[in-house]
2 protein chains.
Amino acid sequence: MNSEFIIAVHSLVLLAHKPDCMASSEEIAANVCTHPARVRKVLGFLRKRGYVATREGSGGGYKLLKDPSDMTLADIYREMAAGSLTPTWCSGNPEMDCMVGSNMQDVMNSVFCGAEQKLESYFAEITIGQMLSRIKERQHA
Amino acid sequence: MNSEFIIAVHSLVLLAHKPDCMASSEEIAANVCTHPARVRKVLGFLRKRGYVATREGSGGGYKLLKDPSDMTLADIYREMAAGSLTPTWCSGNPEMDCMVGSNMQDVMNSVFCGAEQKLESYFAEITIGQMLSRIKERQHA
DNA sequence: TTCAACTGTAACTGCTAATATTACAGTAAC
DNA sequence: GTTACTGTAATATTAGCAGTTACAGTTGAA
């Protein structure tokens, strides 16, 4: 899985944990353990999609716009990492003079499309709010 | 997805297509579009797991041992690519003094374990024989 | 009105993982 | 014993990705 998906989910969970709070890319990056520029890139993208609001300038940062229980991992997956299951590498060649070799790419592709759908429907059942709940449970355990 | 998974599946489908036929690593590699040494590595592994028989020396090569309808993609996935969904990169840090940052790795991990199970159960419903059937359908379409 | 603290982006570096390739010892058929 | 294979390890090469730097633009406050 794509690391931008993880950065996005982690950032949203963090923002859900401190509602109404602005968090700067530096704070978030320290929590996620990555570079602030990566956080800005990911959250800048989520801003365009309406998940967060940003404020530039002094005292600025990022803030949740949506309800944590209205954001699923499937939404984030589609935004940040769609198609990441399907391999870049592929075998066979449609020009080939062999039934197996020439059709394998298409068949393999349909297999991975199906897998992608299964994955999305699994992610669709997990919200950012639930992620936060799971973290709280683990904390108190 | 791991390319060795694809090489394994493609090779098995190819062998299923020509039963009782020995195919050399060179023939298979030409069909898969990769290097013979990679095919030997992958099929050598499948030999140890009982999927194929190999014969060294002149006229040697690889041959299917199992019934194509008895081999599922889940079997191959577990052998060749288990855990490939779970990202190597991970956010947060258990040592951190923040509930979210310190528990995120575990929670994220449990999410991906679940995803992996969904993926395996999907692959469990697709056999090598079915892959071959799909290829034949596509050929005649 | 200037300074300080931010975001937005693009460009670049460096690392790591994955694929390709080479090489050669071992083995079997003819 | 020669040819055609597998088995396997070592090495090169490539591509993708995370990390980093840099700087222009924006905002709030002294």
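In what follows, every chain begins at residue 1, and chains take the letters A, B, ... in the order their sequences are listed.
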- Task: Output, in order, the C-alpha distance, side-chain angles, deciding distance and verdict of side chain to side chain contact (heavy atoms under 4.5 Å, CB included) for A:Glu4 and A:Arg38.
- Result: CA-CA 8 Å; A:Glu4 297 199 340; A:Arg38 294 202 75 199; 3.8 Å; yes

- Message: Is B:Ser25 close enough to D:dT6 that one of its side-chain N or O atoms is under 4.0 Å from OP1 or OP2 there?
- Response: yes

- Message: Please confirm whether the shortest side-chain N or O distance from B:Lys48 to OP1 or OP2 of D:dT8 is below 4.0 Å.
- Response: yes

- Start with the C-alpha distance between A:Tyr77 and A:Asn2, add both sets of side-chain angles, then the distance that settles side chain to side chain contact (heavy atoms under 4.5 Å, CB included), and finish with yes or no. CA-CA 9 Å; A:Tyr77 179 81; A:Asn2 190 324; over 6 Å; no

- Message: How many whole angstroms separate atom CZ of A:Phe45 from atom P of C:dT9?
- Response: 11 Å

- Taking D:dG7, C:dA5, D:dT20 as options, the one with an atom nearest any side-chain atom of A:His35 is D:dT20

- Message: Around atom CD of A:Gln139, are there more than 12 heavy atoms from other residues, nucleotides or ligands closer than 6.0 Å?
- Response: yes

- OP1 or OP2 of C:dT27 less than 4.0 angstrom from a side-chain nitrogen or oxygen of B:Arg55, does that happen here? no

- Message: Rounded to whole Å, please give me the gap between CZ in B:Phe5 and P in C:dT19.
- Response: 14 Å

- Are OP1 or OP2 of C:dG8 and a side-chain N or O of A:Arg40 less than 4.0 angstrom apart? no

- Message: Donor-acceptor check, side chain of B:Tyr122 to backbone of A:Val111, threshold 3.5 angstrom: yes or no?
- Response: yes

- State whether B:Thr34 places a side-chain N or O below 4.0 Å from either non-bridging phosphate oxygen (OP1 or OP2) of C:dA20. yes

- Message: Please report the distance, rounded to the nearest Å, between CD in B:Glu56 and C1' in C:dT27.
- Response: 5 Å

- Query: Quick one: is A:Thr88 getting a side-chain N or O under 4.0 Å of the D:dG16 phosphate, OP1 or OP2?
  - Reply: no

- Toward the 5' end of DNA chain C, by each residue's nearest nucleotide, A:Ser58 or A:Gly44: A:Ser58

- Item | Nearest-angstrom distance from the residue atom CG of A:Asn2 to C1' of D:dC17 | 10 Å

- Message: Tell me the interatomic distance from A:Arg38, atom CZ, to C:dT7, atom C1', rounded to whole angstroms.
- Response: 17 Å

- Note on the structure: To the nearest angstrom, the NZ-P distance between B:Lys41 and C:dT22 comes to 18 Å

- Shortest non-hydrogen contact from A:Ser11 to A:Leu43? CB-CD2, 3.8 Å

- Message: It should be established whether A:Arg47 places a side-chain nitrogen or oxygen under 4.0 Å from OP1 or OP2 of nucleotide C:dT9.
- Response: yes

- Query: How long is the line joining CD of A:Glu26 and P of D:dT20, in whole Å?
  - Reply: 13 Å

- Query: Between A:Ser3 and D:dA18, does any side-chain N or O lie under 4.0 Å from OP1 or OP2?
  - Reply: yes

- Taking OH from B:Tyr62 and P from D:dC5, how many angstroms apart are they, rounded to a whole number? 12 Å

- Message: Quick check on D:dG16: is either OP1 or OP2 less than 4.0 Å from any side-chain nitrogen or oxygen of B:Trp89?
- Response: no

